[in-house]
Amino acid sequence: MSSPDADDNPNKNMSNGDVLCPLAELDEYDFSKLLEKPRLLNIDRQSSLDERFLNELSIAMNPVLSCRDTDISLPRIYEPPEIISSPVGKRSGFNTPRSHTGFDAHPMVGEAWDALRRSLVYFRGQPVGTIAALDNSEENLNYDQVFVRDFVPSALAFLMNGEPEIVKNFILKTLRLQSWEKKIDRFQLGEGVMPASFKVLHDPVRNSETLIADFGESAIGRVAPVDSGFWWIILLRAYTKSTGDTSLAELPECQKGMRLILALCLSEGFDTFPTLLCADGCCMIDRRMGVYGYPIEIQALFFMALRCALLLLKQDNEGKEFIERIVKRLHALSYHMRSYFWLDFKQLNDIYRFKTEEYSHTAVNKFNVMPDSLPEWIFDFMPARGGYFIGNVSPARMDFRWFCLGNCIAILSSLATPEQSTAIMDLIESRWEELVGEMPLKVCYPAIETHEWRIVTGCDPKNTRWSYHNGGSWPVLLWLLAAACVKTGRPQIARRAIEIAEARLLKDQWPEYYDGKLGRYIGKQARKSQTWSIAGYLVAKMMLEDPSHLGMVSIEEDRQMKPILRRSNSWTL
Ligand code: GLC
């Protein structure tokens with residue numbers, strides 16, 4: 001699919017009437033109150049910026065962050081990069097950032113920045129994203145494309161380094177791709193679907209460039225990129241929060257793009273749960289891996305995107321209706337997730353003793369889960385202190401696997417209560433060998449093997465046990481761990497993980513993933529120079545150096561939801 005790309009002037013349709021609430025204020029805002037009173041409009045932008053900085057400073061100085069680890073760094077400021085030259089379609093000549101504070105960055109940091117800049121993709125002279133992997137040794141498949149999910153850590157690195165332009169370009173370009181007519185064979189996809197990836201095509205004869213995008217119609221297995229739209233909204237909020245520039249999110253086309261994404265996932269159907277029903281392979285794990293139904297990765301991203309959208313949507317005629325629906329969904333979703341996806345020692349013991357075949361609303365075992373379906377490994381894996389959101393919950397099916405991304409996003413979005421967030425970190429600490437081992441971090445735990453592997457993956461040779469999506473270790477996940485650590489006041493955990501990664505990542509040329517129970521081996525089919533491994537490392541480093549960056553990817557708990565969630569009654573199935 002390709003299309004001549006129309007000229008987008010981000011400011012051309014700006015309406016001056018509706019100005020978004022200052023984001024710093026909204027972050028602290030209790031979203032359930034939005035249903036009761038109108039949003040503040042037309043607030044002076046300068047004051048919102050000042051507040052943002054005050055807010056961020058207070059995050060950096062927050063005693064919670066330093067109570068467990070007194071040597072947490074105060075914000076460090078990187079020098080804005082100097083442009084030496086910027087040849088179209090070639091790598092830019094930005095300088096590697098250096099710290100003002102005399103802090104000597106690890107030598108890998110400079111190498112990582114160089115590699116990240118080499119991965120930039122240009123469209124008509126402007127950087128619009130980063131290529132998935134620069135490795136040419138293997139067959140390219142689609143690793144020469146800009147993936148929406150892969151670009152997120154790159155975008156965060158650029159935002160943290162004071163280079164928001166590429167992020168803005170990416171947001172606007174992908175928005176234009178969303179408006180294409182999308183078809184798979186004769187079936188037309190929903191208007192709001194965002195692409196999994198896109199690519200710039202150069203025509204040397206005509207000396208022109210066009211974009212082609214993949215909405216799942218070319219992807220292996222024709223998988224749906226459900227996460228792309230969520231990441232897009234999350235990134236729009238990160239951009240707005242980091243720059244204080246609300247004008248991008250205010251653009252009518254951005255507002256519309258958001259509404260289209262929301263329309264897809266808030267539509268009414270036959271659902272009996274507030275979670276989002278998905279096909280297998282619709283997220284980072286983009287192959288058949290038994291992550292169909294209600295996978296934690298999607299539910300956590302869904303929750304985060306809803307919360308971000310609430311901060312970004314205007315309360316105009318079109319926005320209002322969505323705001324109401326979002327507020328209702330957030331309440332139902334947080335209740336459902338915190339109650340039914342949460343597993344700790346007590347909950348495990350309760351399930352172990354469950355009665356089955358209970359009818360009516362008094363049922364304790366609401367989903368009719370058979371205690372016999374509890375896998376052997378879970379009894380050893382579950383520490384006395386700690387817990388996590390399990391992989392999936394639906395009728396008679398609980399997927400007890402631990403998934404990294406969903407649990408970290410649950411912490412960052414405050415889908416997890418503060419107690420649950422602490423418990424997730426406790427579990428990571430006590431199951432360090434299994435989850436971090438020799439390379440952070442397991443995408444999921446444990447691997448599925450033999451007969452189960454045959455049934456669940458469809459005999460996928462790329463996903464054999466302890467490889468790739470099936471218990472492989474993905475360096476990109478380091479940034480999520482680091483952010484979750486900063487949020488929960490446990491930076492020492494992230495520091496340990498980063499040190500482990502630093503021993504190998506550069507030497508091994510930034511692999512996409514590692515294999516083995518401990519993540520000791522470079523993945524069987526892992527690409528080298530995998531951009532999100534590089535960017536994930538940089539974001540993790542910058543997050544620890546300057547915890548105020550956390551605000552870009554984190555939202556505080558909504559105060560109104562607290563009373564509903566007393567552990568004694570709501571954590572029981
Ligand atoms: C693989 C990963 C997917 C990633 C893509 C590009 O398909 O499973 O998560 O987006 O590679 O790196």
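Just follow the structure's listing: the first ligand is 1, and inside any ligand the first atom is 1. Nothing fancy with the numbering, it's 1 onward along the sequence.
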Discussion item. Strictly under 4.0 angstrom, heavy-atom based: which residues surround ligand 1?
Written reply: Ala132, Tyr143, Phe147, Arg149, Asp150, Met284, Asp286, Tyr468, His469, Glu512, Gln530, Trp532
Discussion item. Checking side-chain polar atoms at under 3.5 Å, does Lys524 have a donor or acceptor matched by the opposite partner on Thr464?
Written reply: yes
Fill in: Residues forming a ring-ring contact (aromatic ring centres under 6.0 Å, His included) with Tyr143, sequence neighbours excluded
none
Discussion item. Checking Tyr513 now: which residues fulfil ring-ring contact (aromatic ring centres under 6.0 Å, His included) with it, not counting sequence neighbours?
Written reply: Tyr468, Trp474
Worksheet item: Do the ring planes of Trp466 and Tyr445 sit parallel (below 30°), tilted (30 to 60°) or perpendicular (above 60°)?
Response: tilted
Worksheet entry | Under-4.0 Å salt bridge between Arg117 and Glu163 | yes
Fill in: Phe230: partners by ring-ring contact (aromatic ring centres under 6.0 Å, His included), with sequence neighbours left out
Phe302
